[in-house]
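Take a look at the structure set out below.
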Amino acid sequence: MQDFTRRVLLQGGTALAATGALTGPALLEFAKAWAQEAPFKAEPGAKLTLMRWKRFVPSEDEAFMQIVAAFKAATGTEMNVFSESFEDVQPKASVAANTGSGLDLVWGLHALPQLFPTKVVKMNDVADYLGKKYGGWADAPEKTVKHGNDWLGIPIATDGGYMTYRKSAVEKAGFKEFPKDFPGFLEMCKALKKNNTPAGFALGHATGDANAWLHWILWGHGAYTVDQHDKVSINSPETFKALDYCKTLSETFIPGVASWNDSSNNKAFLAGELYCTSNGISIYIAEKDAAAKDPKMKELADDTYHALWPVGPVGKPTEQQLIMPMLAFNFTKYPNAAKAFIAFLMEKEQYGKWLEASRGYLTQTLSAYDDAPIWKEDPKNWVFSQASKRSLPISGIGTPGEKAEEAIANFIVVDMFANYCTGAKDAKGAVAEAERQLKRIYRT
Amino acid sequence: MADLVLAPRRARREIREATTWDQLKHNRNWLGFWFMLPAMGFLILFLAYPLGLGVWLSFTDTKIGQPGEFIDIGNYQWLWDDDVFWLSVFNTMLYTVVASAIKFAVGLYLALLLNENLPFKAMLRALVLIPFIVPTVLSAIAFWWIFDAQFSIISWSLKHLGLITHNINFLGDTTWARICVIFANIWRGVPFVAITLLAGLQTVQPSLYEAATLDGASSWQRFRYITYPLLTPIIAVVMTFSVLFTFTDFQLIWAMTRGGPVNATQLMATLSYQRAIIGGQLGEGAAISTAMIPFLLAAIMISWFGLQRRKWQQGENND
């Protein structure tokens, strides 16, 4: 039997802890030691109900539940964890916020804490503790959860979305490497269409995928929904340039993108009908998992590569990534247990293992995990390690908050581009509609 | 002896005037009121209160988790000039009118068919019910697959038959998307209409048909002057419910299109949900829901005052 002393475990001096490989009894021993030493103490007899998004990578879910079990055993806190699909987390959290009951903790998409800033437990002490211990927070995740100087939640991880492409198709299109700028990207997509190996990006109400790539195009041209002072600025020459670029680009896409939701591009890519799209690493993981049984999937996995988003005329990355905060409601009876759980979750001893188990689907938000082994063991994983650092907050250059989140939730940018690209509206009409809705949201 | 002692007391009681409490306890009208009270309580708590709260919210700028302030008709003024709202009104009307009309026509046809002496009648009736017993979300997901831009079985079949060369962009094209969601709603709704009308048909006395046949009535005349008038009360109820269910449909649209593409299938119910729950603007979402009430009332009124005229039911001309 291994002898894990409290000191050894907490100093992270063992090989196990250094590689983030605590499992089973070792994880439990660490949890017990942590519960005694950590600044956050769960209330005796605490019971927490946590709602999280439904797993996309089974091993991630298993690792998460192991951490939950260790925390429960070490602190005596009862944990009831249940999951909902990404899009159902927010409505259910909203109902809990409004009724003041039902949930203690929620882990979901970026919008959550800013939608009900007065209903959450301030996490300043947890953020301070973790930030100091693990090299500080990435910029966008920090901004996403902060309201003034208050942390409304903790950005647990980012679900990075990047270019996923078939290397053979890109090479056949005449590109030795994936384009790094907008003109190159457009040329590549045109060539892909010509070769009958089209690209495709969601133009429907796809919360993650559509918002991500369309904001990337908008921001890449230097256009924003609001300026630094939260004044609506969508009606700008840059927006019209972005619209024109997007329309030309969309003409190269596989048909049907206007109806796509978040899973459509996965299906089309895995079916071999789509050759370039933006997505999390889930497509590649699905291919690798199926490769052992299906030679075609092995071939597909070998040919699938990832790339950073090309940079627009503004000359710097303008990515919108899915930052995923966890928050505790202020009506919970056990705020200290909630804080303790979040702090425990992000300790290196298990966070590293959890990242590993997520297989690149989750990206760290604390700098100390930048060199986690998961990013090096397969070179195709690496781009996803950049998600938290390269992303802008959901608000672009404006103030993160409920207004920015509402604009995202109502698909204002997505509908503006979709209206123009599908021919439903001309450019002026599409921008006018978006401007009007934004002015409503950003009214004082 | 005891009677003698008690007698004066009884006399006193008999001459005492009935108090209010006595009235409340023994008056038959009040007794009816007491029996109705639990039902009234339920109605007030679960129907009137949410409706009233929704209407009140529509006059406020309430957001999720934040109390709002009274803003008069601010939400309605905003919606009045909101293109997306009016598009959702148009979509809802189109969806309701087209789907309800076709559901009625197909449902009535099926009901008449199933009322005949067909072989395997019981099995056929059970088959007709299948769309109704499949959970809405499951059937919506099935239709989402059927109409998928890349994997549609319809496109696949037509391509293999050589009738088309490219997939039909079912849910990505605004017109096609509207047709698809209406079709899915009809598929789901027809069993309700058919089975309910069939129940109505079975209450019609066969002797009426026999008499009409002896008088030389054609099948159309038997339908026009016997079946239809006697079925009218059932039709009124079925169509009222059918219109209400269709007008307030949410699950089918949300699972299939999320209101897309470019809001072409956005109904008032889905827009209300998007603005109120996803977007956090409870006041605005409540205003959209409240704006549905006049349409729903109109549907009920048409049914009530139009289809339930007694003379019409009896096959006579309207005055």
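Below, chain A is the first sequence line, B the second, and so on; all start at residue 1. Side-chain atoms are counted along with the backbone in the values below, which use heavy atoms only and exclude waters and symmetry mates.
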Inset, instruction - Could you check which of B:T265, B:N169, B:I168 has the highest count of heavy-atom pairs closer than 4.5 Å to chain A? - result: B:N169
Side chain, backbone, both or neither: which part of [X] has an atom under 4.5 Å from a heavy atom of chain A?
| X | value |
| --- | --- |
| B:L271 | neither |
| B:D81 | both |
| B:Y273 | side chain |
| B:W145 | side chain |
| B:F151 | side chain |

Give, for atom [atom1] of [X] and atom [atom2] of [Y], the distance between the pair rounded to the nearest 0.5 Å.
| X | Y | atom1 | atom2 | value |
| --- | --- | --- | --- | --- |
| A:R440 | B:E284 | CZ | CD | 4.5 Å |
| B:D61 | A:R443 | CG | CZ | 6.5 Å |
| B:I277 | A:D88 | CD1 | CG | 12.0 Å |
| A:D262 | B:R258 | CG | CZ | 8.5 Å |
| A:R436 | B:D83 | CZ | CG | 7.0 Å |
| B:Q281 | A:L115 | CD | CG | 10.0 Å |

If you count heavy-atom pairs under 4.5 Å between each of [options] and chain B, which one has the most?
| options | answer |
| --- | --- |
| A:K267, A:Q437, A:H205, A:E433 | A:K267 |
| A:N261, A:T207, A:T118 | A:N261 |
| A:K425, A:E405, A:E273 | A:E273 |
| A:V257, A:T422, A:I254 | A:I254 |

What are the two closest non-hydrogen atoms of [X] and [Y], and how far apart are they?
| X | Y | value |
| --- | --- | --- |
| A:A258 | B:P261 | O-CB, 3.5 Å |
| B:A149 | A:G256 | CB-CA, 3.5 Å |
| B:V262 | A:N419 | CG1-N, 3.4 Å |
| A:D415 | B:N263 | OD2-ND2, 3.2 Å |
| B:Q150 | A:A268 | CG-CB, 4.4 Å |

Inset, instruction - For the pair B:L282 and A:N98, evaluate side-chain contact (heavy atoms from CB on, under 4.5 Å) and give the outcome as yes or no after the intermediate values. - result: CA-CA 10 Å; B:L282 279 180; A:N98 232 32; 3.3 Å; yes
Inset, instruction - For the residue pair B:T257 and A:S259, establish whether any side-chain heavy-atom pair is separated by less than 4.5 Å. - result: no
Inset, instruction - Indicate yes or no for a side-chain donor-acceptor contact from A:E402 to the backbone of B:G279 under 3.5 Å, with no hydrogens or angles considered. - result: no
Inset, instruction - Mark yes when over 12 heavy atoms from residues, nucleotides or ligands other than B:Y76 sit less than 6.0 Å from its OH; otherwise mark no. - result: yes
Legend entry - Heavy-atom neighbours of A:F86 CZ exceed 12 at 6.0 Å: yes
